[in-house]
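Accompanying notes for the structure given below.
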2 protein chains.
Amino acid sequence: MAAEEQSASIDPNRPMNILDALCPSRDVLVDLADKWVLLMLASLRESGVQRYSELQRSLGGISRKMLSQTLRTLERDGLVLRTVDVKMAPPLVLYELTELGREIAEETRALCTWTEKRTATVYEARAAYDRR
Amino acid sequence: MAAEEQSASIDPNRPMNILDALCPSRDVLVDLADKWVLLMLASLRESGVQRYSELQRSLGGISRKMLSQTLRTLERDGLVLRTVDVKMAPPLVLYELTELGREIAEETRALCTWTEKRTATVYEARAAYDRR
DNA sequence: CTGCATCCTAGTCGATACTG
DNA sequence: CAGTATCGACTAGGATGCAG
């Protein structure tokens with residue numbers, strides 16, 4: 001989400017390896033490995049298209065700053081498409097997933113689903129760990 | 001990974017909803033939505049079992065502090081099992097995924113795979129965004 | 001309504017040094 | 001080898017105020 005250590009530029013001959021600190025894929029992972037990003041992908045995946053204020057209500061607890069920042073990151077990465085209807089006042093801005101965004105939103109769906117399903121188990125594990 | 005806003009305790013009658021700021025599943029997501037966590041799950045999934053120093057070499061660029069901290073978080077959440085062979089000197093400590101850990105590591109695999117596969121595309125999107 | 005610019009604090013994280 | 005403790009730089013992220 002911010003300045004990360006220098007990563008090598010993309011070399012088509014070198015296979016990607018996300019465990020390698022200098023692999024370019026690390027930069028992409030850093031953008032994705034974020035609470036708000038995962039939630040935004042989930043929300044846009046479910047709703048199809050949403051405006052700014054809808055997204056803020058949808059992602060419970062997000063501030064406008066993080067909302068804008070996260071949207072900008074995803075837009076820059078080509079995962080989210082931003083559309084402005086300039087003829088409207090007050091402005092109407094719509095956000096939706098791009099094709100690439102729908103791809104990754106599909107991959108991260110399992111992560112969110114698993115989390116909801118296993119939350120109770122994790123809570124029990126934490127309690128057991130803290131008891132010891 | 002650290003103190004998060006107060007979330008409701010678990011109520012078996014209320015369905016989990018990760019978009020809800022007060023849903024307990026948020027706490028779990030916060031632990032998972034982390035670069036080092038995703039990489040560690042990937043590494044342990046591939047290797048089966050690793051010792052501390054192997055993990056540090058495996059997760060390129062991780063500091064000992066983040067290594068310990070991430071391992072502790074995952075151990076507490078019941079995703080990683082830590083085994084010490086006390087009869088050894090120097091100490092031999094092994095880390096492996098629990099059954100629960102293998103579950104989530106399987107879900108996050110797609111995320112890492114997609115990232116490696118689509119890194120070039122994301123880089124192009126970023127370049128296009130920055131050009132404009 | 002949709003943002004960006006600022007300020008400010010709490011927390012993150014790396015480096016370093018030290019222990020069993 | 002496998003950590004922990006501490007310090008200090010940096011950053012994330014909420015709050016607020018203003019603008020198109």
Side-chain angles (χ1 to χ4, degrees), chain A residues 1-6 21-22 26-27 29-40 43-44 49-76 80-96, chain B residues 1-7 21-22 26-27 29-40 43-44 49-76 80-96 129:
Chain A
M1 210 85 157
E4 49 262 1
E5 71 279 350
Q6 191 57 23
L22 299 181
R26 271 288 181 91
D27 284 357
L29 182 69
V30 165
D31 274 6
L32 295 177
D34 178 89
K35 172 181 59 169
W36 295 125
V37 165
L38 295 178
L39 293 175
M40 186 168 292
S43 179
L44 287 174
V49 53
Q50 272 176 291
R51 51 196 302 183
Y52 187 81
S53 47
E54 288 175 325
L55 272 170
Q56 180 163 30
R57 247 170 290 119
S58 174
L59 307 198
I62 197 171
S63 65
R64 273 177 305 168
K65 175 177 176 177
M66 289 314 295
L67 182 60
S68 297
Q69 196 170 299
T70 305
L71 282 167
R72 229 47 72 219
T73 299
L74 295 186
E75 190 190 356
R76 186 170 104 100
V80 159
L81 179 66
R82 177 177 182 269
T83 315
V84 191
D85 188 339
V86 286
K87 294 182 296 301
M88 302 291 284
L92 173 59
V93 182
L94 293 177
Y95 292 96
E96 62 191 310
Chain B
M1 207 86 161
E4 48 263 2
E5 72 279 350
Q6 192 58 22
S7 59
L22 298 181
R26 271 288 181 92
D27 285 357
L29 182 69
V30 165
D31 274 6
L32 295 176
D34 177 89
K35 172 180 60 169
W36 295 126
V37 166
L38 295 178
L39 293 175
M40 186 167 293
S43 180
L44 287 175
V49 53
Q50 272 177 289
R51 52 199 300 184
Y52 187 81
S53 49
E54 288 175 324
L55 271 169
Q56 181 163 30
R57 248 171 290 117
S58 175
L59 307 198
I62 196 171
S63 66
R64 271 175 306 170
K65 175 175 178 180
M66 289 315 294
L67 182 60
S68 297
Q69 196 170 298
T70 305
L71 281 168
R72 229 48 73 215
T73 299
L74 295 186
E75 190 190 356
R76 187 169 105 100
V80 159
L81 180 66
R82 176 176 182 270
T83 315
V84 190
D85 189 339
V86 285
K87 294 182 295 300
M88 301 293 283
L92 173 59
V93 182
L94 293 177
Y95 292 97
E96 62 191 308
Y129 183 93

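Quick note on labels: first sequence line is chain A, next is B, and so on, each numbered from 1.
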Nucleotide nearest B:Ser53 when distance is taken to its side chain, options D:dT16, D:dC1, C:dT16: D:dC1
From D:dA15, C:dG14, C:dC4, nucleotide with atom closest to A:Lys65 side chain: D:dA15
Dot-bracket for DNA chain D, 5' to 3', counting Watson-Crick or G-U wobble pairs under 3.5 Å, with [ ] for crossing pairs and | for inter-strand pairs? ||||||||||||||||||||
Look at the side chain of A:Ser68 and decide which nucleotide, out of D:dA2, D:dT6, C:dC4, has an atom nearest to it. C:dC4
Between B:Tyr52 and A:Arg64, the residue closer to the 5' end of DNA chain D by nearest nucleotide is B:Tyr52
Any side-chain heavy atom of A:Leu92 within less than 4.5 Å of one from A:Arg51? yes
Whether A:Tyr95 contacts C:dG3 is assessed here as follows: a side-chain N or O lying under 4.0 Å from the phosphate OP1 or OP2. Is that the case? yes
Between the side chain of A:Ser68 and the main-chain N/O of A:Arg64, is any donor-acceptor distance below 3.5 Å? yes
Nearest whole Å is fine: how far is C:dT2 P from A:Gln56 CD? 9 Å
Kindly point out which of D:dC1, C:dC1, C:dG3 is positioned nearest to the side chain of A:Arg51? C:dC1
With a 4.5 Å limit on heavy-atom distance, are the side chains of A:Asp34 and B:Asp34 in contact? no
Between atom CG in B:Leu67 and atom C1' in C:dT12, what is the gap in whole Å? 16 Å
Choose from D:dG13, C:dG3, D:dA2 the nucleotide whose nearest atom is closest to any side-chain atom of B:Pro91. D:dA2
Heavy atoms from C-beta onward define the side chain here; which of D:dC18, D:dG3, D:dG14 lies closest to that of A:Met66? D:dG14
My understanding is that only residues two or more places apart in sequence, or in another chain, count here; which of them pass side-chain contact (heavy atoms from CB on, under 4.5 Å) with B:Arg57? B:Ser53, B:Glu54
Check: B:Tyr95 and B:Leu81 side chains under 4.5 Å, non-hydrogen atoms: no
Would you find a donor on one side and an acceptor on the other, under 3.5 Å apart, between the side chain of B:Arg26 and the backbone of A:Gly60? yes
